[in-house]
Amino acid sequence: MRLVFTALVFFINVTIVFSQEKALEYKIPTSILNQSNNGYRIFFGAPKGVYYYNKLAVETSTLPIIKVSPLGGETFMILDKKLAIYDNWNFLMAYESRNNIKDIQVKRIISNKYGDKYYVISMDGSLYETEILKENIKLIKKELPHFVTDGEWNNNLEKLILSDEYYIYYYNPSTGDVSERVKLSSGITSIKADVKNFEVFVGLTNGQLVIYNQDLTKAKHILQITKSSITGIELDPLDHYAYIGDEDGFVYTLDLLKNKVINTQELHSGAVSIGLIDDLVNTKRYIVTSGNDSKILISEVTNLEPNFKRIVSQMVEERKNQFVKQKNGEKAVDYDNRVTSLSVKNMVEKNTILLVDSLAQLKSSNIYNFTISNDSLSVSLKPFPTVKFKLLKPVDSKEELSIQSIHFSLEKDNTFALGDLEINSKGGTIRYSADQRKMGVFEQEFSLEMAKKIASKEKEFKNSLSELVNNLRSKGKLNDVELTVEANLKVEKDSLGQDELNLHVVFLSQGIKANIEKETADYKAGKYDIFESVAATTLVDFFVKSTTEKLGEYLLPNTKVTFNLTGSTDKSKINNALPYGNEYGPFKNFPYYFQGQLSGLNLNQEAGITQNSQLGFLRTYSVRNFMENSADVFEGTRKKYVHFSEESDQFGPEYRKIKIEMIIHKIIELKKGLTDVNSLDKIKDKSLSDIDINIPVGNKSDGYALVIGNEDYSSFQPNLSAESNVPYAIRDGETFANYLTQMFGFEKANVEFLRNATYGTMNQAISRLERLMDIDGKDKEIVIYYSGHGMPDEKTKEPFLIPIDISGNNVNQGISLKSLMSRLSAKPHGKITLVIDACFSGLGKVEPIATVKGISVTPVNPELGSNMVLISSSSGNESSVIDDQNQHGLFTYHLLKRLQESKGDISLDTLFNLIRKDVALNAIKKLNKIQTPSILVGKELELKLKTIKLLGK
């Protein structure tokens, strides 16, 4: 008899035993009443202080309430009726508020995704939003129609989930919108958003756990976990487990596939708080618990039974991607014959069966029992359910039976069942098959034709890259570096949980082990600019060129493109601070990933580069900066950059890498749209206004100009709606630039125009202008024009220009107008003219990009250099409005209209008085708004306003 176990083909390194083991226990001298953590940064609140593990970090006289930032670098604390930010890196208080909050009794603190906003729930049911301005912190009360008892932030929707005792609802803190409330059967004591599975977990006073879909329209499961109140919920980030604490000190492990509690332990003497540590580097997971006693417990949950569906899906996907790749040397005809719809289907089915069998066999007892009853045969194999089926042929005795082959099925509850059986008997083979469910959950939507086309393009990428590398190496320009490229299609979830087919293309530059005496083409120690690495420059140039040539057809306007940029360093430490030239400006709590964990990066010119994490990050930002300024193929797409920094635990150039992963989202949907590309021409162009045409030609001016039109903020900040954009800002910039070159005679090469400029793009352009002034600025006209959002610093009231990727809640990360004018004044120059079509009150042109105290702020006028003019579109706390009829900013339209009429031959004093009246009258007539342009002049120009012009001599 033959005994065949196909399950032995694959070896799967999976532990499938249950384990929840206590790893560490700490004690403090008093009871613990609340806790918060980010990874291993764990803080506890006790009656007289904040503890870091069992060490007293901050001594207080009252119970502190704490929240560790999602970036891990700081902890927001409310202690002794004060608000404070604690520096988790240096273990000291960064700053405290100067405002006593003695009238507010705090119940809970909630953080948004990056920790730039915290929300405070008070005992009286009020909700407050923090405003962190440098060293000071304030609480701003949010006006809500309902009482607030608990809350949680949902990263997918960027909204707060709030409860009102028996009710739960969503609240958008940016807009103030409140969703319809959903009533539950008992009081709400705990809320947890599951962003991975698009669900919301709600714990109740009656011990029930209710699992809703993300929009709260359907209760998917109602589970009775305990008889007392649920006080804490934590979710496994990878697999199907929830950890739940109750008021009596018990911790429950819930299997979410079986909807069953699989472990119960009494760990504490009171209400349990739970946190989770997901150690990606060491592939370990722990839960951190405390509960109104003096114990701190850290329990390992790494070895819980994994989600087998996830394992099978990942491995089948990897094999499918390899299968559809075109092999080296494989002819197109042979490839087409090998990769067909049928062959791909068969490959997926075969690999799914093999993997499921391998996993099931690890659990199997391998002892089969047969039972014959009348004309039926039962087959049992522990621990799987027994199967029973009708015999088509008679069997004399069960002793004559033996298993020839067996396959298993993987059920929805993460268990295995006998699937297909072939049984030897004297009368021949007995066959059994369960329902032929093809396990569609493992198969993703897959377009074979698209996969083959991408495989073909990948082959072209590789051939082109190989030719480029060989050519450079023959010239001795690319030593000891490997450059590679890979392309794959993947079905993934968007932020709303919908499937989308995405194209991933990965470009990698990696050093290889070289002889000590050799000079490699990789980065030298402490270098980060791509132009300081032949390999990085080659990779980025190839990426831009090949993407333009081979993938440009998929990069239609408004296509969403994500760039995951990874910079890796080896183990070499930075002994002294390396100089940072401020090429990309300072970074303050800038979100990035270090060693796979979300972190906040801080870097400025004064401190320099002190950590490999900063060095790796700068290598990625150098790539981003090049792409933003030199890759026209992405113009019009909705770009998102995610930065990753990695540090190896080994030495050597082989651990220095630059990786660019480009993800083009919804590629099939976009490709279908290509058949109707011509329809784009049918979209009605917005007609030009009278100032956009017939621009007078004037005399040549000698100088340099930077023109910026920032219009599209919502594509770069998902929490913003289209109403927060700045209509016509790009057209404002385009037309102003045309006046510079035609009416005022600036050389086109001397006028830089930025459309939808990010922080990095704006800062680099300003630095470029400074370098030009250093070299050739003496007696030259310098012009800055800006149309877009402006915002004030609420504390200093200092005005800032806001790049499209900077939130209005983080004004200080924008471009300081005061700093800009100071930088320009310090350089050789003639007259410096700044024209700003933006308000600095926080009101915005259409809708604001952030709430500023709920009211407008009157900005402080910056100090000017002696030979400088600043003309602004509005004054004080006024807003700057748009002119829909002429499709420009109202101020820009009337400024250019007066220049057109006068052909530029008009004194600055007369010009300003005319446009001041034009704008003020039309703002009232057309929009019933008050807008009054303002002008500031330096001391050297105060007496010359009636003789000098805006530009030119």
Side-chain angles (χ1 to χ4, degrees), residues 628-629 632 635 688-689 691-693 695-696 698 700-713 725-773 777 780-790 800-804 814-815 817 820-821 823-824 827 829-838 845 868-873 880 882 887-900 904 915 933 949-952:
E628 287 183 329
N629 292 281
D632 294 338
E635 188 171 330
L688 297 175
S689 73
I691 64 167
D692 297 314
I693 56 179
I695 302 174
K700 180 179 179 181
S701 297
D702 201 4
Y704 297 95
L706 172 60
V707 179
I708 302 169
N710 279 354
E711 182 169 318
D712 184 8
Y713 288 78
N725 291 333
V726 182
Y728 319 127
I730 290 178
R731 178 174 285 193
D732 285 345
E734 288 173 339
T735 306
F736 191 89
N738 290 337
Y739 273 72
L740 287 175
T741 57
Q742 295 180 47
M743 174 180 286
F744 296 110
F746 278 69
E747 292 185 14
K748 286 187 177 181
N750 291 357
V751 178
E752 183 173 7
F753 176 37
L754 304 180
R755 297 174 177 84
N756 289 331
T758 62
Y759 173 81
T761 305
M762 288 179 66
N763 201 58
Q764 187 195 27
I766 294 167
S767 297
R768 178 179 179 272
L769 180 60
E770 288 180 296
R771 291 194 293 271
L772 289 170
M773 293 172 69
K780 299 292 174 68
E781 290 229 40
I782 306 300
V783 182
I784 300 282
Y785 173 85
Y786 176 82
S787 179
H789 272 303
F800 281 77
L801 307 179
I802 306 299
I804 59 169
I815 303 295
L817 192 57
L820 172 61
M821 293 194 297
R823 289 166 64 177
L824 296 180
K827 303 296 180 182
H829 63 273
K831 179 161 67 73
I832 299 176
T833 303
L834 296 98
V835 180
I836 309 295
D837 194 347
K845 284 194 173 182
M868 182 178 287
V869 177
L870 169 63
I871 303 179
S872 300
S873 58
S880 293
I882 59 172
Q887 298 181 5
H888 277 287
L890 184 68
F891 164 77
T892 295
Y893 173 78
H894 287 287
L895 168 64
L896 296 181
K897 183 65 176 175
R898 289 296 183 178
L899 289 173
Q900 183 189 54
I915 61 175
K949 301 175 183 178
L950 177 70
L951 296 171

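Within the 3.5 Å criterion, the main-chain N or O of Ile695 finds no donor-acceptor partner in the side chain of Gln900. Side-chain N or O atoms of Asn725 include one that pairs as donor or acceptor with a backbone N or O of Tyr713 at under 3.5 Å. At least one donor-acceptor pair under 3.5 Å links the side chain of Glu781 to the backbone N or O of Gly952.
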Please tabulate, for side-chain N and O atoms in residues 700-709, each donor-acceptor pair with protein atoms closer than 3.5 Å (sequence neighbours left out).
residue	atom	partner	partner atom	Å
Lys700	NZ	Glu747	OE2	3.4
Ser701	OG	Phe744	O	2.5
Tyr704	OH	Asp776	OD2	2.5

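Between Leu820 and Leu834, the closest side-chain pair of non-hydrogen atoms falls below 4.5 Å. In this structure the side chain of Gln887 never reaches within 4.5 angstrom of the side chain of Ser689, judged on heavy atoms. Side-chain atoms of Asn763 and Ile815, non-hydrogen and from C-beta on, do get closer than 4.5 Å to each other.
No side-chain N or O of His888 forms a donor-acceptor pair with one of Asp837 less than 3.5 Å apart. Residues Asn738 and Thr735 bring no donor and acceptor atom of their side chains to less than 3.5 Å of each other. Remark: the Thr892 side chain and the Tyr728 side chain contain no N/O donor-acceptor pair separated by less than 3.5 Å. No hydrogens or angles considered: a donor-acceptor pair under 3.5 Å links the side chains of Gln764 and Asn629.
Glu734 has a carboxylate O that lies under 4.0 Å from a charged side-chain N of Arg755, or vice versa, which qualifies the two as a salt bridge.
In terms of the side-chain hydrogen bond (donor to acceptor under 3.5 Å, both in side chains) criterion, Ser872 has no residue partners (sequence neighbours excluded).
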